[in-house]
J.: 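Quick one: the structure is below, and I'll ask about it shortly.
Only this structure's heavy atoms are used, side chains among them; waters, hydrogens and symmetry mates stay out. Predicted model only: the values in this text are computed from it and were never measured. Numbering of ligands and ligand atoms starts at 1, following listing order.
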Amino acid sequence: MLPIDFLPDDRYGHCMMISLQQVSKEFKIRRGLLARETQTVRALSTVDLDIGAGEVMGLVGESGSGKSTLARIVMGLYQCDSGHFSFGNLDSRTMRRADWQRLRGDLGVVFQDPASSMNPWMSVEEIVAEPLIIRKKALGLTKSARRNRAVEMLEATGLSSAHLGKKIHEFSGGQRQRIAIARALILKPSFLILDEPISALDVSIQAQILNLLVDLRKQYGFAALFITHDLSIVSWFSDRVAVMYLGRIVETGTADEIFEKSRHPYTAALAHSKLDMDYSKREFYTLPGEIPSPVNQPPGCPFAPRCDRVLPECTKRFPEKTVVGAQSFHCFNPLVA
Ligand SMILES: Nc1ncnc2c1ncn2[C@@H]1O[C@H](COP(=O)(O)OP(=O)(O)OP(=O)(O)O)[C@@H](O)[C@H]1O
Ligand code: SF4
Ligand SMILES: [Mg+2]
């Protein structure tokens, strides 16, 4: 366990940890001869999402549905075009530089390919302790205290002090991901962003890393946004799941609710595909029908071109949110009344 001074405090209150309100994000891309033509990619459209303190929210959706863009907004790497988000009592509309720094210190991030964010010349000790080094003045830790913390985190993730002096190329994919998790947790963040943390690993290693995350969550009590393509494992680690489709969150609820009692036709199709999924490949099943382009999207429900329950109003406007107990969805013609 980390020393007592690293235990969670009251910085953000005990209410909703993260709340996105009507967040939209577009990218302008240049195409055509001499890049004269400008097209708009709508990556996120009026996204609402709440994640409670200590809660793990799974985020699933096909490639290009906007999962990483949402994560990057929360990390402060992208600004919303409209809408806003809050992190405890910090509000993105009024946050100053110091607030962003504070937020980043309380956010741990793990990506699919850990090596891409690690300097190959740095030792494991330097990599894991890097967040402490960046905040050296504020934390006032000596080099040996930083080393002790790095060792604690390596041990918590199944590695040891024997790995401190090694370089990243000396490790397997699973061990690299353990190092990435150790680094992400060293500041004892109250929130983790896990963007496809196990997708690049062998199936046998995936289960080990997932079990490690489950154990670490019990130990450290962090909340998390868990982005995954793999529907079969999302319920393993998530308390609730949000389903994204072309920049929209179309349904949220517990994994059991949304996959066994889907109200949105897209979630129902995913739940059905989950049964047919090729577990040897564990790839996200691609539904039949053409996925509309995120470029210059027409109005209405983005699932309309693939939906067998489509009504005339579906192509006119996006449905409002309907809340039933802990489940919410956006659909004019849901499956369960
Ligand atoms: N920096 C960027 N510039 C232009 N378009 C972008 C940029 N980042 C993302 N996009 C586009 O925004 C949309 C959402 O992308 P995003 O990476 O968020 O999807 P994703 O759900 O994370 O996909 P994947 O599962 O493949 O990681 C896609 O159409 C993508 O091409
Ligand atoms: S709103 Fe209409 S098109 Fe969209 S999922 Fe529901 S029924 Fe299908
Ligand atoms: Mg992504």
J.: May I ask you to check if ligand 1 and G66 share an N or O to N or O distance below 3.5 Å?
T.: yes
J.: Check step by step if side-chain hydrogen bond (donor to acceptor under 3.5 Å, both in side chains) holds for T157 and R183.
T.: CA-CA 10 Å; T157 53; R183 178 173 65 177; over 6 Å; no
J.: Which heavy atom of the protein is the closest neighbour of atom 7 (S) of ligand 2, given with residue, atom name and distance?
T.: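 It is R309 O, 3.4 Å.
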J.: Do we see a donor-acceptor contact under 3.5 Å between the side chains of D230 and S232?
T.: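 Checked: D230/S232 side chains pair up, N/O donor to acceptor below 3.5 Å.
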J.: Do you know which two heavy atoms are closest between F85 and I73, and how far apart they sit?
T.: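 Here F85 and I73 meet closest at CE2-O, 3.5 Å.
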J.: Please identify which atoms of ligand 2 are closer than 4.0 Å to at least one heavy atom of C307.
T.: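 In order of numbering, the contacting atoms are 3 (S), 5 (S), 7 (S), 8 (Fe).
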J.: Looking just at side-chain N and O atoms, do S24 and Q22 make a donor-acceptor pair shorter than 3.5 Å?
T.: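 Short answer, no.
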J.: Any cation-pi pair here, K218 with Y220, using under 6.0 Å and within 45°?
T.: no
J.: Find all atoms of ligand 2 within a distance of less than 4.0 Å from any non-hydrogen atom belonging to F332, and give their numbers and elements.
T.: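 Going through ligand 2 atom by atom, the ones under 4.0 Å from F332 are 1 (S), 6 (Fe).
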J.: Identify, by atom number and element, the atoms of ligand 2 in contact range of A304, meaning under 4.0 Å from any of its heavy atoms.
T.: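 Close to A304: 3 (S).
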J.: Under 4.0 Å from any heavy atom of H229, which atoms of ligand 1 are there?
T.: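 Atoms satisfying the 4.0 Å criterion: 25 (O).
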J.: How far is atom 24 (P) of ligand 1 from the closest protein heavy atom, and which atom is that?
T.: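 Atom 24 (P) of ligand 1 sits closest to the protein heavy atom S63 OG, 3.6 Å.
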J.: Does E251 form a salt bridge (Lys or Arg N to Asp or Glu O under 4.0 Å) with R263? I'd like the steps, not just the answer.
T.: CA-CA 8 Å; E251 184 156 13; R263 296 182 190 256; 5.3 Å; no
J.: Is R240 salt-bridged to E55, going by a charged N under 4.0 Å from an acidic O?
T.: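 Salt bridge flag = yes for E55 with R240.
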J.: Which residue owns the protein heavy atom closest to atom 6 (C) of ligand 1, what's the atom, and how far is it?
T.: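 For this ligand atom, the closest protein heavy atom is F27 CD1, 3.3 Å.
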J.: Is R72 positioned over the aromatic face of Y78, cation under 6.0 angstrom from the ring centre and no more than 45 degrees off axis?
T.: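 Yes - R72 lies over the ring of Y78, closer than 6.0 Å to its centre and within 45° of its axis.
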J.: Judged by atom type as modelled, is there a donor-acceptor pair below 3.5 Å linking the side chain of K166 to the main-chain atoms of F171?
T.: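 A pair under 3.5 Å: no.
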J.: Which of the atoms of ligand 2 are close to C314, meaning less than 4.0 Å from one of its heavy atoms?
T.: 1 (S), 2 (Fe), 3 (S), 7 (S)
J.: If we count only non-hydrogen protein atoms and require a distance under 4.0 Å, does atom 30 (C) of ligand 1 qualify as touching the protein?
T.: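 Neighbour list for atom 30 (C) of ligand 1 is empty of protein heavy atoms (cut-off 4.0 Å).
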J.: Atoms of ligand 1 less than 4.0 Å from S65 heavy atoms?
T.: 19 (O), 21 (O)
J.: Judged by modelled atom types alone, do K28 and T40 share a side-chain donor-acceptor pair under 3.5 Å?
T.: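 Present: a donor and an acceptor within the cut-off.
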J.: How far is atom 14 (C) of ligand 1 from its nearest protein heavy atom, and which residue and atom name does that atom have?
T.: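 Going by distance alone, atom 14 (C) of ligand 1 is nearest to G64 O, 3.4 Å.
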J.: Indicate whether the side chain of S86 and that of D91 have a donor and an acceptor atom separated by less than 3.5 Å.
T.: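 No pair is found: no donor N or O on one side chain lies under 3.5 Å from an acceptor on the other.
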J.: I need the nearest protein heavy-atom contact for atom 27 (O) of ligand 1: residue, atom name and distance, please.
T.: S68 OG, 4.0 Å
J.: Identify the protein heavy atom lying closest to atom 18 (O) of ligand 1, giving its residue, its atom name and the separation to 0.1 Å.
T.: T69 OG1, 2.5 Å
J.: Verify the neighbour count for atom CZ of R217: are there more than 12 heavy atoms of other residues, nucleotides or ligands below 6.0 Å?
T.: yes
J.: Within the 4.0 Å heavy-atom shell around C301, which atoms of ligand 2 are there?
T.: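 Listed by number with element: 1 (S), 3 (S), 4 (Fe), 5 (S).
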J.: When Y266 is tested against each of E62, R306, H330 for side chain to side chain donor-acceptor pair (under 3.5 Å), which residue passes?
T.: E62
J.: Between Y78 and ligand 1, find which residue part has any heavy-atom pair under 4.0 Å and reply side chain, backbone, both or neither.
T.: side chain
J.: Under 4.0 angstrom from atom 16 (P) of ligand 1, is there any protein heavy atom?
T.: yes
J.: Check I29 against ligand 1 and report side chain, backbone, both or neither, counting heavy atoms closer than 4.0 Å.
T.: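 Only the side chain of I29 comes within reach of ligand 1.
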J.: Determine whether the aromatic ring centres of residues H264 and Y245 are separated by less than 6.0 angstrom.
T.: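 Distance test on ring centres: not under 6.0 Å, no.
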J.: For atom 6 (Fe) of ligand 2, does an N/O/S atom of C331 lie at less than 2.8 Å?
T.: yes
J.: Is there a donor-acceptor contact under 3.5 Å linking the side chains of S190 and D106?
T.: yes
J.: Given that the side chain starts at C-beta and the backbone is N, CA, C, O, which of these parts of V41 lies under 4.0 Å from ligand 1, counting heavy atoms, or is it both or neither?
T.: side chain
J.: Could you pull out, from E251, R306, R317, H264, the option with a heavy atom nearest to atom 5 (S) of ligand 2?
T.: H264
J.: Closer than 4.0 Å to some heavy atom of P265 - which atoms of ligand 2 meet that?
T.: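 Checking each atom against P265, I get 5 (S).
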J.: Could you tell me, atom by atom, which parts of ligand 2 come under 4.0 Å of a heavy atom of P319?
T.: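 Under 4.0 Å from P319, ligand 2 has these atoms: 1 (S).
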J.: Measuring from atom 25 (O) of ligand 1, which candidate in K67, E26, E196 has the nearest non-hydrogen atom?
T.: K67
J.: For ligand 1, find out whether one of its N or O atoms is nearer than 3.5 Å to an N or O atom of A43.
T.: no
